[in-house]
Structures are given as structure tokens and as C-alpha cells.
2 protein chains.
Amino acid sequence: MAMGTSTRKLNIGMIGFGSFSHFLAKTMMKQGHVVRATSRSDYSHQLGTNFIRDMEEFMGLEHDVILICTSILSVSEVVKSLPFHCLRKPTLFADVLSVKEHPKQILLQEVPEDSDLVCTHPMFGPESGKDGWKDLNFMYERVRVRDEDLCSTFLNIFECEGCKMIEMTCEEHDRLAAQSQFVTHTIGRILSEMQITNTPIDTKGFEKLVQVAESATNNSLDLYSGLFMHNRFAKQQMKNLESALQRVKRLLEARMLRENGDK
Amino acid sequence: MAMGTSTRKLNIGMIGFGSFSHFLAKTMMKQGHVVRATSRSDYSHQLGTNFIRDMEEFMGLEHDVILICTSILSVSEVVKSLPFHCLRKPTLFADVLSVKEHPKQILLQEVPEDSDLVCTHPMFGPESGKDGWKDLNFMYERVRVRDEDLCSTFLNIFECEGCKMIEMTCEEHDRLAAQSQFVTHTIGRILSEMQITNTPIDTKGFEKLVQVAESATNNSLDLYSGLFMHNRFAKQQMKNLESALQRVKRLLEARMLRENGDK
Ligand SMILES: NC(=O)c1ccc[n+]([C@@H]2O[C@H](COP(=O)([O-])OP(=O)(O)OC[C@H]3O[C@@H](n4cnc5c(N)ncnc54)[C@H](OP(=O)(O)O)[C@@H]3O)[C@@H](O)[C@H]2O)c1
Ligand SMILES: NC(=O)c1ccc[n+]([C@@H]2O[C@H](COP(=O)([O-])OP(=O)(O)OC[C@H]3O[C@@H](n4cnc5c(N)ncnc54)[C@H](OP(=O)(O)O)[C@@H]3O)[C@@H](O)[C@H]2O)c1
């Protein structure tokens with residue numbers, strides 16, 4: 001794929017207009033693309049938004065790309081209820097969900113055969129991406145692509161911001177993301193359950209944990225539940241975490257017995 | 001206390017010459033202080049070290065400051081076996097242990113009444129302090145100080161490197177450090193038990209956790225066991241961590257039941 005800013009401007013339709021969509025739309029519009037959105041809630045009074053309430057009207061707008069940005073938990077219901085018959089031309093369907101096998105399967109089932117399909121996961125959000133997207137990871141799988149030029153132009157939105165473009169299967173993504181992102185959210189949620197906060201004597205390591213806790217709880221509980229329920233590798237990671245905690249505890253207890261025995 | 005580099009050069013005797021002592025000694029010598037050390041193991045063939053094997057000889061060297069840098073687990077045995085009768089003059093005893101009530105109590109018991117006592121904890125190590133000590137936290141309690149000038153000159157070693165000097169009691173330190181540093185080491189050890197490593201699709205949050213895991217295992221298991229066994233607030237934090245994990249797990253399970261019930 002060619003690096004650099006593409007001159008072709010896309011009409012992008014977003015389904016689901018929550019905080020992550022707002023964050024993406026800002027950069028897309030900055031690049032000159034036209035963004036129109038629809039969502040469960042009404043965002044039509046929001047400044048600078050092309051918001052379309054009616055789903056049939058939205059689907060008939062001749063978007064080049066329709067981007068699914070809805071929550072993991074609702075994606076099945078949302079995609080299954082889309083009025084695909086209103087599409088006026090073959091369209092590139094893309095999604096940004098934080099799990100990948102689940103939306104891939106649903107989109108393969110529901111999206112009309114003549115429309116293309118690319119599944120993506122920008123590995124960043126409004127917090128980690130607030131100073132730009134340079135060097136942040138962007139995962140994608142070209143699931144069903146015939147219009148190479150359109151797909152490349154869409155991916156170029158991320159590439160020309162400096163993202164590290166990583167092509168891998170949705171399955172491989174879910175395996176790796178369960179070990180990394182799901183564990184990170186879980187540690188963050190555990191730490192905020194413990195109500196950790198900065199102290200006057202923080203170490204650098206503890207400061208990092210406070211940040212991990214803050215960013216975990218900045219994300220919706222829907223998102224976290226989605227990572228657990230719709231990534232088939234997540235449950236095993238939860239078990240791994242529990243048993244690792246038990247091993248560390250046993251290590252300390254054995255050490256304590258030995259020390260006390262030495263006395 | 002006056003800021004800036006003090007002109008008075010100190011004779012500093014270090015007891016325990018492991019990796020953290022080496023790290024401290026480098027900066028102290030850079031500042032022009034004279035550092036001599038003794039330890040369980042023999043470091044006499046190490047370049048640039050004034051290493052004294054014989055403990056009676058070491059204690060008779062007229063140090064201004066004797067700095068206890070031994071492991072938490074061994075401090076009781078080490079301090080109780082020191083030949084204090086060899087001291088030729090009142091000396092400032094200081095320690096850098098990562099728990100504070102425990103060495104304070106031992107030093108108060110063992111150090112001769114005419115010698116002063118300051119308990120400290122530099123909240124950083126060879127990794128977090130590798131590019132200098134600026135803005136890193138340094139905790140201390142002036143436990144028994146008559147020679148104000150000597151104690152200030154000693155603390156100034158850290159202050160003039162830019163450390164944030166935090167005066168608090170050893171008890172307050174242990175309460176806060178159990179919530180912060182002990183939890184950080186524990187999370188780090190759990191994550192390395194899980195063998196987490198970087199993936200091609202790391203998020204920024206996960207990168208932080210990999211660093212926390214690496215730095216936890218760069219520290220000795222003695223150090224971590226010491227944090228647990230000799231900080232009376234640590235056990236409660238271990239319980240808090242376990243129950244927070246259970247709460248997060250139950251939250252996910254309840255959410256999953258509800259979602260599946262909705263279908
Ligand atoms: N936040 C991040 O850092 C990040 C990063 C990468 C990928 N993602 C992915 O991006 C997507 C959006 O994430 P988010 O952070 O904005 O929060 P989210 O809680 O995962 O999703 C919120 C979005 O889902 C819609 N939604 C929720 N329940 C719905 C339902 N029952 N029916 C129809 N729509 C529903 C919301 O619509 P309304 O706003 O109209 O209520 C909103 O647009 C998720 O799939 C997430 O995994 C997020
Ligand atoms: N590492 C850090 O980042 C850091 C930061 C702040 C404070 N501290 C504190 O600094 C002290 C030293 O830490 P460390 O990182 O160097 O590792 P450590 O494993 O906590 O301590 C190693 C030191 O303890 C001595 N030692 C261990 N067992 C002994 C025994 N049975 N009898 C006599 N001496 C014994 C070792 O002597 P030999 O080398 O001669 O075997 C070595 O000098 C600890 O109290 C730690 O809590 C460390």
C-alpha cells in the first residue's frame with residue numbers, strides 16, 4: 001500500500017456515534033473526508049455533525065465506506081437490523097470493534113455479497129491517541145476485498161497519520177488481544193476496585209498502574225464486558241490471572257514459613 | 001534544609017554492597033564523598049571500590065555516616081551482629097530499606113545512644129533512576145537527630161540531585177507503600193508468572209504493564225518477600241487484591257447472565 005496522503009476523499013457513514021466514533025470522525029474530517037453518522041441515541045443537535053436519524057435514509061446515502069462503531073455487545077443486533085436493501089451501490093463495510101472474530105462472522109453473514117469487507121482494530125483511544133496517532137498500532141484483516149483502491153484509501157486514513165499498520169487474521173488478533181488488552185483492562189478494573197490513588201511517595205511503576213486503572217475505567221463497562229464475552233480466548237486469561245495470583249501468594253507464604261523456621 | 005550542593009564531603013560506610021548500594025555509591029562518589037563498603041560477599045576485587053572485609057576494621061574507620069543497605073530479610077541479623085564497640089566517634093546511622101518500621105525499631109534498639117539515626121527510602125532504583133534522580137521521591141524520618149548539620153548534609157546528597165524530599169513517619173510510609181509499591185511488585189510478579197510479553201498489537205496500557213512486570217522481576221525475590229513479611233500493612237493489601245479480582249469476575253459473570261437472559 002502506498003504511504004502518504006491519498007487525494008481521494010471518501011464519503012464515510014458511521015453506525016454508532018459514541019465516544020470512540022467522535023474521536024475517529026474528528027481526524028477523518030480533518031483529512032477532508034465527509035462523515036455522516038447514525039446511532040441509537042440522537043446526536044443531531046451536536047455541532048458540526050451530519051447526523052441522520054432514519055436508518056433507511058442513512059443507508060441510501062451512497063457512502064463509499066460504512067464503518068461499524070457500535071458496542072461489542074450490540075453489534076449482532078445492530079447489524080442484523082440494518083436495511084441493506086436501501087444500499088444504492090456496493091459499499092466497503094469496515095468495523096473497529098475491540099474483538100474481531102465476532103463482528104467478522106456477523107458481517108460475513110449479513111453484508112450483501114457484492115459489498116467488500118475489512119475488519120480493523122485501532123489499538124488506541126481518545127486518551128492514548130489524544131496527541132496524534134503516530135506509532136500507534138492499527139490491526140486489520142482484508143476479509144473480502146475486490147475494490148483494492150477503495151480499501152487502500154480507507155486504510156490510508158490511519159497509515160498517513162503514522163499508525164503502525166499490522167495485517168493479521170481476526171483469530172490471531174483475538175488470541176493476542178486476550179493476553180494483552182483484556183489483561184490490561186482487567187488489571188485496571190481490579191486496581192480501581194481497590195481504589196488505588198496517587199500517594200506522596202509513588203514509585204514510577206505505581207504511577208504507571210494508576211494510569212492503567214484510570215484508562216480502564218474511562219472505557220465503558222459495555223466495552224470491557226464485550227472483551228470478555230466475545231473474545232473466546234479471554235476466559236482462559238482470566239483463569240491464568242487467578243492462578244498466577246495464587247502462585248505468587250503461595251510463594252510468599254512458603255518463603256515466610258522458611259524464614260520463620262530459620263529463626 | 002538548604003538546597004544546592006553542600007561543600008562538606010562525607011565519609012560514608014555502606015553495609016551491604018548489592019546492586020542498590022552500587023547504584024547509590026556511584027552518585028555519592030560523583031558528588032565527591034568517600035564511600036567505603038562491607039558486605040557478606042567479597043567485593044574487594046571490584047574496580048574502584050574501597051571494600052573492607054573485616055567488620056571490626058570497617059567499624060573503626062571513623063565514618064561520618066554508616067548506611068545500612070542490606071536486604072530487608074537480613075537486616076535484623078546484620079545489625080545485631082555489628083561490633084558497635086569499635087566505633088571511634090558518634091556516627092549518623094541511616095538506612096535505605098524499602099520497609100521502614102522494621103529497621104527503625106531494630107536500629108533504635110541496637111545503635112548506641114550517642115549516635116544519630118535517620119530512616120530513609122529512596123522510592124527509585126537502578127532502572128527508574130538510570131537517567132538521574134530528578135523529581136523522584138525520597139522519603140525520610142529524622143528518628144534521632146542532634147547533629148543537624150551532618151544529617152542535612154547527608155540528606156542533601158539526594159536533594160541536590162533533584163529528589164522530591166518527603167518527610168513522614170516510618171509508620172505512614174509503610175501504610176502508603178503497602179498500597180502502592182507492594183501492590184505494584186505483586187501485579188508485576190503476577191504478570192510475569194503469566195509470562196506476558198510484548199505482542200505486535202500492544203496498546204499503550206499493555207506496554208506499561210510489561211514494564212511493571214520487568215521491573216518487578218529485576219528486583220530480588222528477597223526484596224519482594226521482605227516487602228510482604230516486614231510491612232505489617234502488606235497482608236491486607238494482598239487480601240484486597242484477591243477480593244477485588246473476585247468482584248471483577250463476578251461483575252463479568254453477572255453481566256454475561258443478563259446478556260444471555262436478554263436473548
Ligand atoms: N474507546 C476506545 O478506546 C476504543 C478503541 C478501539 C476500538 N473501540 C471500539 O469502538 C466501539 C465503540 O466504543 P466506545 O468507546 O464508543 O464505547 P462502547 O460502549 O463500546 O460503544 C458505544 C457505542 O455503541 C452504541 N450502542 C451501545 N448499545 C447499543 C444498543 N443496544 N443498540 C444500538 N447501539 C448501541 C452506542 O450508541 P449511542 O451512543 O447512540 O447510545 C455507542 O455508539 C466498540 O466496539 C469498541 O470496542 C473502542
Ligand atoms: N533495588 C531497588 O530498587 C531498591 C530501592 C530502594 C531501596 N532498596 C533497598 O535497598 C536494599 C538493598 O536492595 P538490593 O536491590 O541491593 O537487593 P536485596 O536483595 O534487597 O539486598 C541485597 C543485599 O543484602 C545483602 N544480604 C542479603 N542476605 C544477607 C544475609 N543473610 N546476610 C548479610 N547480608 C545479606 C546482600 O549482600 P551480598 O551482596 O554481600 O551478598 C546485598 O548487599 C534493600 O533493603 C532494599 O529494600 C532497594
Side-chain angles (χ1 to χ4, degrees), chain A residues 73 121 123-125 127-128 136-137 139 164 166 168 173 176-177 179-181 183-194 196-206 208-212 215-216 221 224-225 228-229 237-238 240-245 247-249 251-252 255-256 259, chain B residues 73 121 123-125 127-128 136-137 139 164 166 168 173 176-177 179-181 183-194 196-206 208-212 215-216 221 224-225 228-229 237-238 240-245 247-249 251-252 255-256 259:
Chain A
L73 297 179
H121 185 199
M123 310 299 303
F124 52 92
E127 192 48 39
S128 51
L136 299 174
N137 292 327
M139 170 274 164
K164 254 166 74 187
I166 296 143
M168 62 168 62
H173 168 279
L176 293 174
Q179 288 167 32
S180 55
Q181 190 184 29
V183 168
T184 308
H185 279 248
T186 302
I187 296 286
R189 296 234 161 226
I190 291 171
L191 292 171
S192 46
E193 277 291 319
M194 293 176 75
I196 68 158
T197 49
N198 292 107
T199 75
I201 53 167
D202 287 355
T203 57
K204 286 289 151 194
F206 184 66
K208 290 184 184 126
L209 290 189
V210 171
Q211 289 160 9
V212 166
S215 96
L221 185 56
Y224 178 54
S225 312
F228 181 66
M229 289 166 60
Q237 291 298 326
M238 187 57 113
N240 292 354
L241 184 59
E242 274 192 281
S243 70
L245 170 54
R247 285 201 299 283
V248 170
K249 228 183 95 180
L251 183 85
L252 288 175
R255 190 63 205 261
M256 196 153 75
E259 284 293 316
Chain B
L73 297 179
H121 185 199
M123 309 300 303
F124 52 91
E127 192 47 41
S128 51
L136 299 174
N137 293 326
M139 171 274 164
K164 252 166 75 187
I166 296 142
M168 63 168 63
H173 168 279
L176 293 174
Q179 288 166 32
S180 55
Q181 190 184 27
V183 168
T184 307
H185 279 249
T186 302
I187 296 286
R189 296 235 161 223
I190 290 172
L191 292 171
S192 44
E193 276 291 319
M194 293 176 75
I196 68 158
T197 48
N198 291 107
T199 75
I201 54 167
D202 286 355
T203 57
K204 287 289 150 194
F206 183 65
K208 290 186 184 121
L209 290 189
V210 171
Q211 290 159 9
V212 166
S215 98
L221 184 57
Y224 178 55
S225 312
F228 181 65
M229 289 167 58
Q237 290 299 326
M238 188 56 115
N240 292 355
L241 184 59
E242 274 192 283
S243 69
L245 170 54
R247 285 200 299 282
V248 170
K249 226 183 97 182
L251 183 85
L252 288 174
R255 188 64 204 260
M256 196 152 75
E259 284 293 318

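Lettering follows sequence order; numbering is per chain, from 1. Since this is a predicted model, take the numbers as computed values, not measurements.
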Given heavy-atom pairs under 4.5 angstrom as the criterion, report whether the side chain, backbone, both or neither of L245(B) touches chain A.
both
Let me know if E127(B) has heavy atoms under 4.5 Å from chain A in its side chain, its backbone, both or neither.
neither
At a heavy-atom separation under 4.5 Å, does I201(A) approach chain B through its side chain, its backbone, both, or neither?
both
If you measure from the Lys or Arg side-chain nitrogens to the Asp or Glu carboxylate oxygens, is any gap between E242(B) and K249(A) under 4.0 Å?
yes
For chain A, which of N240(B), I196(B), T186(B) has the most heavy-atom pairs under 4.5 Å?
N240(B)
Do you know which two heavy atoms are closest between P200(A) and L176(B), and how far apart they sit?
CD-CD1, 3.7 Å
Are Q181(A) and F206(B) close enough that some pair of their side-chain heavy atoms sits under 4.5 Å apart?
no
May I ask you to test the N137(B)-T203(A) pair for a side-chain heavy-atom distance under 4.5 Å?
no
Shortest non-hydrogen contact between V212(B) and G205(A), atoms and distance:
CG2-O, 3.8 Å
Side chain, backbone, both or neither: which part of I187(A) has a non-hydrogen atom closer than 4.5 Å to chain B?
side chain
Non-hydrogen atoms of chain B under 4.5 Å away: do they reach the side chain of M238(A), the backbone, both or neither?
side chain
Would you mind checking which part of L191(A) comes under 4.5 Å of any heavy atom in chain B, side chain (CB onward), backbone (N, CA, C, O), both or neither?
side chain
Tell me, for S215(B) versus chain A, whether the close heavy atoms (under 4.5 Å) come from the side chain, the backbone, both or neither.
neither
Based on non-hydrogen pairs under 4.5 Å, which of M139(B), K164(B), H173(B) is most in contact with chain A?
H173(B)
Q237(A) and M194(B) have their tightest heavy-atom pair at OE1-CE, 3.6 Å
Heavy-atom check, side chain of E193(B) versus side chain of L251(A), under 4.5 Å:
no
If you look at every heavy atom in L252(A) and S225(B), which pair is closest and at what distance?
CD2-CA, 3.9 Å
For each of V210(B), V183(B), D202(B), tally heavy-atom pairs with chain A at distances under 4.5 Å, and name the one with the top tally.
D202(B)
CG on L73(A) to CZ on R255(B), rounded to 0.5 Å:
5.0 Å
So which part of F124(A) gets closer than 4.5 Å to some heavy atom of chain B, the side chain, the backbone, both or neither?
neither
Relative to chain B, which segment of R247(A) carries a heavy atom at a distance below 4.5 Å: side chain, backbone, both, or neither?
side chain
Select, from S180(B), A177(B), S192(B), the one with the greatest count of heavy-atom pairs under 4.5 Å involving chain A.
S180(B)
